[in-house]
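Read the structure below first, then the notes.
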Amino acid sequence: MLLALVAAAGLVASVTIRPELPWLPWLTALLVALGTDGIVRRHPAWSGGPFDAAVSTFLPALSVLGAALFIDHAVEGYARPALAALAALSVGIVAFGEYQTVDVRAHLYGPFRLVMAVATYLVAFSFYAVLFTRDDPLPLASLAVGAVSMLLALELLRESRLTGPSSFLVSIAIGISLAELRLALYFFPLDGILAGALLIIAFYLATGIVHHLLDHDLEWKTAAEYAVVTVVASAAVIFARAFA
């Protein structure tokens with residue numbers, strides 16, 4: 001509850017105070033990360049090291065930054081503080097989910113892993129869509145997409161059998177792949193929503209396939225399902241762009 005209130009105070013202030021305070025979302029994200037770290041370490045079943053604790057802070061912190069970035073770029077008027085407060089509530093839920101998913105035997109582990117996965121994709125989309133439409137230099141925008149993808153991939157892959165430095169290297173590979181795709185999309189006439197959709201499709205494919213590879217349960221049927229979903233979703237994005 002306290003962490004959600006901190007997130008609400010920081011987010012609402014960052015989207016309403018004028019002149020803007022660019023450092024405020026970053027400070028809020030830092031406080032949320034530190035709070036999440038303390039919450040996770042208090043779990044009775046906690047036995048991880050510094051790397052595991054750090055991974056648990058990425059999604060809550062990026063949720064704050066992604067919400068601030070998206071609201072500042074796409075929302076106007078009185079909806080800004082309302083959406084900021086709603087985003088802060090979701091940050092609190094995500095932090096609670098980090099606590100509930102420490103122990104794989106916990107009763108709420110399965111439901112909260114689903115909640116965390118949905119939150120991860122929503123945060124990724126908020127970054128992808130906004131970073132595509134901002135006037136940032138292309139190398140910087142691609143680097144930001146790659147960094148966000150790497151950190152969020154660690155969240156999705158932390159339930160895999162492969163953890164620690166190895167999962168970090170795999171996440172770097174996913175981040176590099178998404179950064180390269182961001183570079184390629186620069187040469188196509190897409191708006192932020194459609195570009196964000198293509199990037200999130202690629203992120204879903206990369207993390208899904210890698211997750212099954214790490215768990216040694218990737219079968220032809222599973223690979224075919226990912227391929228079909230990717231093709232259909234990409235075709236829908238292209239159709240929307242062609243007939244918009």
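Along the sequence shown, the residues carry numbers beginning at 1.
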*With a 4.5 Å limit on heavy-atom distance, are the side chains of Glu225 and Val229 in contact?*
no

*What about Phe58 and Ile176, same hydrophobic cluster or not, with Ile/Leu/Val/Met/Phe/Trp/Tyr joined at side-chain heavy-atom distances under 4.5 Å?*
yes

_Side chains of Leu156 and Tyr121 in contact at under 4.5 Å (non-hydrogen atoms)_ = yes

*asked:* Using every non-hydrogen atom in the two residues, find where Ala53 and Arg41 come nearest and quote the distance to one decimal.
replied: CB-NH2, 3.3 Å

_Looking at every heavy atom in both Gly92 and Ala4, which two are closest together, and how far apart are they?_
CA-CB, 4.0 Å

_Atom pair CG/CD1 of Leu181 and Ile201 - distance to nearest 0.5 Å_ = 10.0 Å

*Indicate, with yes or no, if the rings of Tyr204 and Tyr226 have centres closer together than 6.0 Å.*
yes

*With the 4.5 Å side-chain cut-off for hydrophobic clustering, are Leu62 and Leu143 part of the same group?*
no

*Atom pair CG (Asp37) and CZ (Arg42), whose distance is rounded to the nearest 0.5 Å*: 11.0 Å

*With rounding to the nearest 0.5 Å, note down the distance linking CD in Glu155 to OG1 in Thr57.*
9.5 Å

_Worked check of side chain to side chain contact (heavy atoms under 4.5 Å, CB included) between Trp46 and Asp52_ = CA-CA 10 Å; Trp46 173 255; Asp52 302 291; 3.7 Å; yes

*asked:* Quick check: Phe125 with Phe203 (ring centres under 6.0 Å apart)?
replied: no

*For residues Phe127 and Leu65, determine if any side-chain heavy atom of one lies less than 4.5 Å from a side-chain heavy atom of the other.*
yes

*Nearest heavy atoms of Pro25 and Val64, plus distance in Å*: O-CG1, 3.8 Å

*Could you please spell out the steps behind the side chain to side chain contact (heavy atoms under 4.5 Å, CB included) verdict for Arg182 and Tyr128?*
CA-CA 9 Å; Arg182 172 62 183 87; Tyr128 295 159; over 6 Å; no

_Assess the residue pair Val130 and Arg134 against the criterion (side chain to side chain contact (heavy atoms under 4.5 Å, CB included)); give the C-alpha distance rounded to whole Å, side-chain angles, the decisive distance to 0.1 Å, and a yes or no._
CA-CA 6 Å; Val130 174; Arg134 283 163 55 103; 3.5 Å; yes

*Is any side-chain heavy atom of Tyr78 less than 4.5 Å from a side-chain heavy atom of Leu83?*
no

_Return the OG to CZ distance between Ser142 and Phe132, rounded to the nearest 0.5 Å._
10.0 Å

*Thr101 to Arg113 - nearest heavy-atom pair and separation*: CG2-CD, 3.6 Å

_Please determine whether the number of non-hydrogen atoms from other residues, nucleotides or ligands lying under 6.0 Å from atom CZ of Arg105 exceeds 12._
no

*Mind checking whether Asp72 and Glu20 have side chains closer than 4.5 Å, heavy atoms only?*
yes

*Path from Leu178 to Phe188 over hydrophobic side-chain contacts below 4.5 Å*: yes

_I'd like to know if the side chain of Arg80 and the backbone of Ile71 have a donor-acceptor N/O pair within less than 3.5 Å._
yes

_Nearest-0.5 Å distance that lies between atom CG in Leu11 and atom OG1 in Thr28_ = 6.0 Å

*Of the non-hydrogen atoms in Asp191 and Leu194, which two are nearest, and what is the gap between them?*
OD1-N, 2.9 Å

*Please state whether the rings of His43 and Tyr99 are parallel, tilted or perpendicular, taking 30° and 60° as the class boundaries.*
tilted

*Please check if Val94 and Leu122 belong to a single hydrophobic cluster, counting links between Ile, Leu, Val, Met, Phe, Trp and Tyr side chain heavy atoms closer than 4.5 Å.*
no

*Check whether Val210 and Met116 end up in the same hydrophobic cluster, where Ile, Leu, Val, Met, Phe, Trp and Tyr are linked by side-chain heavy atoms less than 4.5 Å apart.*
yes

*asked:* Quick one, Gln100 and Tyr109 - any side-chain contact, counting heavy atoms below 4.5 Å?
replied: no

*Decide side chain to side chain contact (heavy atoms under 4.5 Å, CB included) for Thr230 and Ser234; before the verdict, give the C-alpha distance in whole Å, the side-chain angles of both, and the deciding distance to 0.1 Å.*
CA-CA 6 Å; Thr230 301; Ser234 300; 4.1 Å; yes

*Provide the closest heavy-atom pair for Leu131 versus Ala144 in the form atom of the first, atom of the second, distance.*
CD1-CB, 3.8 Å

_So, applying side-chain contact (heavy atoms from CB on, under 4.5 Å) with Leu154, which one of Val55, Val170, Leu59, Ile172 is it?_
Val55

*Euclidean distance, Leu114 CG relative to Phe112 CZ, rounded to 0.5 Å*: 10.5 Å

*asked:* So Ser149 and Val145, do their side chains get closer than 4.5 Å, heavy atoms only?
replied: yes

*Can you find a pair of side-chain heavy atoms, one from Ile174 and one from Leu157, that are under 4.5 Å apart?*
yes

